[in-house]
Number of protein chains: 2
Amino acid sequence: MIRVVVVDDEHLVRAGLRLILEAAEDITVVGEAADGAGALEQTHRLRPDVVLLDVRMPGVDGLTVAPEVIAAGAKVIMLTTFDLDEYVHRALRAGAVGFLLKDTPPRELAAAVRTVAAGNAMLAPTVTRRMISSFAERGPARRDAARQRLTPLTPRELEIVREVARGLGNAEIARRLTMSEATVKAHVSRALAKLQAGNRVQLAILVHDADLL
Amino acid sequence: MIRVVVVDDEHLVRAGLRLILEAAEDITVVGEAADGAGALEQTHRLRPDVVLLDVRMPGVDGLTVAPEVIAAGAKVIMLTTFDLDEYVHRALRAGAVGFLLKDTPPRELAAAVRTVAAGNAMLAPTVTRRMISSFAERGPARRDAARQRLTPLTPRELEIVREVARGLGNAEIARRLTMSEATVKAHVSRALAKLQAGNRVQLAILVHDADLL
DNA sequence: GAAGACCCCTACCCGCCGTCCGGGCCGGAC
DNA sequence: GTCCGGCCCGGACGGCGGGTAGGGGTCTTC
């Protein structure tokens, strides 16, 4: 049995959610709250599996308490009427594993609770859509290309180029890796030649695009 | 009525999918294919709304034809047995708006078809989960922070720092912006002081994190 | 209208970066 | 063994990068 706490400032919405979720055999609503503070208290006392959390609420809002609720051991599904990008960003960064609009059909709402309880994630279709877009354009395309370009480097060279990409000077790198500054320069020089780069800045850019640090 | 084409090399799978989808009142399966070439032909001939495309197939596989199928005007949902990261990356980059595992319950499969037909996206819960993780850590958090740090720069300074971030040398920047190399150095120096950076490499990193170019 | 603040430009000095050259070390080929 | 090639190290030079000081231009502010 999946134990759920419902949080929303309008009791009508709470009642509706309770009705929908209790209709499912494997879900039980063990508590309700009307604001962030109540949500946190209920979570600590009742130890639910999943907390449905409204984004906008008087007092402490949903996005603010989400991290603490999660820290208390519950999975969080954010609920909102409008799917603003900023809400989504903050929610996901806060650790929420679900983000649904309030017009979600009852059946999918229950499915989302089960999905989240099972350790997976569920987003509203419109959110998923935008996420895919940003993923496709800023996805691992450039990352893989950059990694490909870095392959001719020897392990030692790569190690040094990484330090370069952190913005360190040759002297600093030499101290950290316990070698002469001249040696660092030699490695950097070789890397520049292999990658056909003119600057150490270009090395740094490559490493960053490759997502190494 | 949503028109669907089903593509899989095993006719047993095709039959199963047809059975599941035809059970929905608002969905009809108008065609089947066993490989990528067939999928493309069917798509051009039948003009379906949605194409369910298996990833691994003999001959032309699903990931390869996906872009052409999409170009032909259909939405694509990728189907696979194993949710390997690489499949997901390639599929989404190819423009697929759905990615489901073959163990998806019939009800959700039909829901996915409707979701996609409506212009939205649907991913398997495990995929969504991993996507959120990578999004949360590498989200716009650092980007906004970096932009914030860059605000004290004057327009001219920012312009020059951008060129620095492209890996250009001071001389090259001077030529492109038609000014003395000494001027470039002064601007860079001011930027370094304002941002408390020690290197031009660190400037480049900031600009890259801010997603400017 | 004068002071001040801000931005843009320029000229010189020094330290760091990058190149060229060379040596020691370990692996495989024969 | 010997040769060979790749990798890691080091030293000495030229050039680029960065710091400092200062001049001219425009817009606010009193």
Side-chain angles (χ1 to χ4, degrees), chain A residues 144-213, chain B residues 144-213:
Chain A
D144 292 341
R147 292 213 173 147
Q148 200 57 32
R149 286 202 56 187
L150 290 175
T151 47
L153 296 186
T154 72
R156 195 63 163 165
E157 285 164 353
L158 183 61
E159 191 177 2
I160 286 163
V161 168
R162 269 190 175 186
E163 301 298 314
V164 170
R166 297 183 50 199
L168 300 180
N170 290 334
E172 180 72 17
I173 297 175
R175 232 180 309 119
R176 297 207 183 191
L177 301 186
T178 58
M179 68 174 99
S180 165
E181 182 181 346
T183 305
V184 176
K185 291 182 184 178
H187 282 295
V188 172
S189 191
R190 283 180 167 277
L192 288 174
K194 283 184 181 178
L195 302 178
Q196 302 174 10
N199 269 329
R200 61 170 35 213
V201 176
Q202 295 176 15
L203 292 184
I205 294 170
L206 266 178
V207 173
H208 258 65
D209 285 349
D211 259 345
L212 304 172
L213 262 183
Chain B
D144 293 342
R147 292 212 173 147
Q148 200 58 32
R149 287 201 56 188
L150 290 176
T151 46
L153 296 185
T154 73
R156 195 64 165 164
E157 284 165 354
L158 182 61
E159 190 177 2
I160 284 163
V161 168
R162 268 191 178 183
E163 300 299 314
V164 169
R166 296 183 51 199
L168 300 180
N170 290 335
E172 181 71 17
I173 297 174
R175 231 178 311 121
R176 296 207 183 193
L177 303 185
T178 56
M179 67 175 101
S180 165
E181 181 181 345
T183 305
V184 177
K185 290 183 182 178
H187 282 296
V188 172
S189 193
R190 290 175 81 84
L192 288 174
K194 284 183 180 176
L195 302 178
Q196 301 174 10
N199 269 329
R200 62 172 34 214
V201 176
Q202 295 176 16
L203 292 184
I205 293 171
L206 266 179
V207 173
H208 258 66
D209 285 348
D211 257 345
L212 304 172
L213 260 183

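To find a chain, count down the sequence lines: A is the first, B the second, and so on, and within it residues start at 1. Side-chain atoms are counted along with the backbone in the values below, which use heavy atoms only and exclude waters and symmetry mates.
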| message | For D:dC8 and A:T183 - does any side-chain N or O of the residue sit under 4.0 Å from the phosphate oxygens OP1/OP2? | response | no
| task | Before giving the answer on salt bridge (charged side-chain N to carboxylate O under 4.0 Å, His left out), spell out for A:R175 and A:E172 the whole-Å C-alpha distance, their side-chain angles and the decisive distance to 0.1 Å. | result | CA-CA 5 Å; A:R175 232 180 309 119; A:E172 180 72 17; 3.0 Å; yes
| CZ-CG distance between B:R149 and B:L203, expressed to the nearest 0.5 angstrom | 9.5 Å
| request: May I have the distance from A:R156 (atom CZ) to D:dC7 (atom C1'), rounded to whole angstrom? | output: 11 Å
| Considering only D:dC7, D:dG10, C:dC8, which nucleotide approaches the side chain of A:T154 most closely? | D:dC7
| task | Rounded off to whole Å, could you give me the CD1-to-C1' distance for the B:I173 and D:dG17 pair? | result | 11 Å
| request: Rounded off to whole Å, could you give me the CD-to-C1' distance for the B:E157 and C:dC8 pair? | output: 9 Å
| Among C:dC8, D:dG11, D:dC8, the nucleotide that comes nearest once only the side chain of A:S180 is considered | D:dG11
| query | At their closest point, which heavy atom of B:V164 faces which heavy atom of A:V201, and how far apart are they? | reply | O-CG1, 3.5 Å
| query | Is the number of heavy atoms from other residues, nucleotides or ligands under 6.0 Å of A:R190 CZ greater than 12? | reply | no
| task | Would you mind reading off the distance between A:E159 atom CD and D:dC9 atom C1', rounded to a whole angstrom? | result | 14 Å
| task | Using atom NE2 of A:H187 as one end and atom P of D:dC7 as the other, report the distance to the nearest whole Å. | result | 11 Å
| Donor-acceptor pair between B:R200 and A:N199 side chains, under 3.5 angstrom | no
| query | Are A:L195 and A:E157 close enough that some pair of their side-chain heavy atoms sits under 4.5 Å apart? | reply | no
| Can you check the A:L153 CG to D:dC8 P distance for me, whole Å? | 10 Å
| field | Spacing between A:K194 atom NZ and D:dC7 atom C1', to the nearest angstrom | value | 8 Å
Every protein N/O within reach of nucleotides 14-23 of chain C N/O, cut-off under 3.5 Å:
from   : atom 1 : to     : atom 2 : distance (Å)
C:dC17 : OP1    : A:N170 : N      : 3.1
C:dC17 : OP2    : A:N170 : N      : 3.4
C:dC17 : OP2    : A:N170 : ND2    : 3.4
C:dC17 : N4     : A:K185 : NZ     : 3.4
C:dG18 : OP1    : A:R200 : N      : 3.0
C:dG18 : OP2    : A:R200 : NE     : 2.6
C:dG18 : OP2    : A:R200 : NH2    : 3.0
C:dG18 : O6     : A:K185 : NZ     : 3.2
C:dT19 : OP2    : A:S189 : OG     : 2.5

